[in-house]
Amino acid sequence: MKIVFWGASHGCGTTSNMTAVASFLALGMNRKGICLQPKAGDGDLENFFCSWEKRSVLREESTYYALEGMDYLIWQEQHHKLDAAVMKESMIPVLDQRLFYLPGGSREKPGLYPTQTAQLQRKILNALEDYAELVFIDIGSGRDDFASSMLQRADVAVVNFSGEQKELEQFFTAQPPCRGKVLYLLANYSNEQVYNCENLQRIYRMDRRSICSIPTNPYFAQACARGRVEQYMRACCRARSAARSEQFAKQVRKVANLILEAGANE
């Protein structure tokens, strides 16, 4: 099942939301998944799971000479060598090998791929579904052809909001096309927000089961910044976290369940 996370605006927590949900499904529900970012980026996923002490200071020099991530898989597919073994060696296992992430290649920018290469990329994403039950794809907040293509091919599209009025009005005025089930996710949610789940249901006549939220959590934000997402999510799933994180874990579980339900009904 392909689960595409897309942000209605830049910086609304799309990558961290996807990482939290994918980690919870792996640890709390024993689901095998893969996370990837087929977009221009700074290797957010690698930074989330790799602590400062373990990050290579030579990363920039090493990736200049070696293909990795989606770039490497595309090259393998072009040479008719792409198989399960190649995909496995390209991905980094975390969370007791129940979750994997694909590192960001140095030239991993879909806007630079020719049409035929974009087709290879879609073929690779289909192949990844055979390797893991759930494939989480973070496409950022773009509204280009690539983002539209990914949303149309998703089994479940998770639209992330920051909860600002202008952002919401722009989205509901011109929604991107989606083929599969759509879920709406308010990120860094606060009980004092004017645009909360109840108001959005009323204003935009949304199905109650299609909208959810993840509360603001400075501890999780710090874990993302320090590359300690794995340790933090383990604590959440083992109920060894503070009261603020208990509410966070409860809402992440709800989002995870809604995604599974949406995919099953699609």
Q) Is the number of heavy atoms from other residues, nucleotides or ligands under 6.0 Å of Q97 CD greater than 12? A) no
(Q) Does D144 have more than 12 heavy atoms from other residues, nucleotides or ligands lying within 6.0 Å of its CG? (A) yes
Q. Would you say R228's side chain and A223's backbone share a donor-acceptor pair under 3.5 angstrom?
A. no
(Q) Can you give me the closest heavy-atom contact between V252 and I214, atom names plus distance? (A) CG2-CD1, 4.2 Å
Q. Given the rule in the side-chain contact (heavy atoms from CB on, under 4.5 Å) test, do V159 and Q175 qualify, once you have shown the distances and angles that lead to the verdict?
A. CA-CA 10 Å; V159 178; Q175 297 187 39; over 6 Å; no
Q) Is D96 paired with R98 through a side-chain N to carboxylate O contact shorter than 4.0 Å? A) yes
Q: Say whether, by atom type as modelled, one donor and one acceptor occur between the side chain of S90 and the main chain of V86 under 3.5 angstrom.
A: yes
Q: Locate the shortest heavy-atom distance separating S9 from S162; write the atom from each residue and the value.
A: OG-OG, 4.0 Å
(Q) If we ignore hydrogens and angles and just use 3.5 Å, is the side chain of E77 paired with the main-chain N or O of L82 as donor and acceptor? (A) no
Q.
Give me the atom names and distance for the closest heavy-atom approach of A26 to L95.
A. CB-CD1, 4.1 Å
(Q) Does Q222, at its CD atom, have more than 12 non-hydrogen atoms belonging to other residues, nucleotides or ligands within less than 6.0 Å? (A) no
**Q.** Note, R253 side chain near M29 side chain (heavy atom, < 4.5 Å)
**A.** yes
Q. Got L25 and L260 here, is their nearest side-chain heavy-atom distance under 4.5 Å?
A. yes
Q: Look up atom CG in L168 and atom CD1 in I203, then write down how far apart they are to the nearest 0.5 Å.
A: 8.0 Å
Q: Please examine the side chains of Y184 and V182, heavy atoms only from C-beta on, and report whether any two atoms are closer than 4.5 Å.
A: yes
Q | Evaluation steps, side-chain contact (heavy atoms from CB on, under 4.5 Å), between M18 and L45 | A | CA-CA 10 Å; M18 180 185 77; L45 287 172; 4.0 Å; yes
(Q) For a 4.5 angstrom cut-off between non-hydrogen side-chain atoms, does T14 reach V158? (A) no
Q | Closest approach of F248 to C236 (non-hydrogen atoms, all atoms of both residues) | A | CD2-SG, 4.1 Å
Q | Point-to-point distance, once rounded to the nearest 0.5 Å, from CE of M206 to CD of Q201 | A | 7.5 Å
Q) Can you tell me how far the CD1 atom of I34 sits from the CD1 atom of I92, to the nearest 0.5 Å? A) 12.0 Å
**Q.** Separation of E129 CD from L134 CG (nearest 0.5 Å)
**A.** 9.5 Å
Q: For residues M233 and T19, determine if any side-chain heavy atom of one lies less than 4.5 Å from a side-chain heavy atom of the other.
A: no
Q: Any chance you could lay out the side-chain contact (heavy atoms from CB on, under 4.5 Å) test for C12 and F161, step after step, and finish with the verdict?
A: CA-CA 6 Å; C12 60; F161 294 115; over 6 Å; no
Q: Quick one: pull up NE2 in H10 and CD in E167 and give me the separation to the nearest 0.5 Å.
A: 12.5 Å
Q) Is the cationic atom of K88 (NZ for Lys, CZ for Arg) positioned less than 6.0 Å from the six-membered ring centroid of F100 and within 45 degrees of its normal? A) no
(Q) Quick check against the 3.5 Å criterion: does D155 have a side-chain atom that pairs as donor or acceptor with the backbone of K2? (A) yes
**Q.** Exercise: do D138 and T15 side chains pair donor with acceptor under 3.5 Å
**A.** yes
**Q.** Test item: side-chain donor near acceptor, Y72 and E89, under 3.5 Å
**A.** yes
Q) Do you know which two heavy atoms are closest between G263 and M1, and how far apart they sit? A) CA-SD, 3.1 Å
Q: Check the angle between the aromatic planes of Y204 and F172 and answer parallel, tilted or perpendicular using the 30° and 60° thresholds.
A: parallel
Q) How close do P103 and E46 get, heavy atom to heavy atom, and via which atoms? A) CB-OE1, 4.3 Å
Q) Is the closest side-chain heavy-atom distance between L125 and R153 below 4.5 Å? A) no
Q: Mind running side-chain contact (heavy atoms from CB on, under 4.5 Å) on Y195 and E164 for me, showing each step along the way?
A: CA-CA 7 Å; Y195 290 95; E164 297 179 357; over 6 Å; no
Q) Taking atom CD1 of I211 and atom CG of N199, what is their separation to the nearest 0.5 Å? A) 9.5 Å
Q) If we only count heavy atoms from C-beta on, is the F146 to P38 side-chain gap below 4.5 Å? A) yes
Q.
Using a 3.5 Å distance criterion without hydrogens, assess whether the side chain of E230 forms a donor-acceptor pair with backbone atoms of F49.
A. no
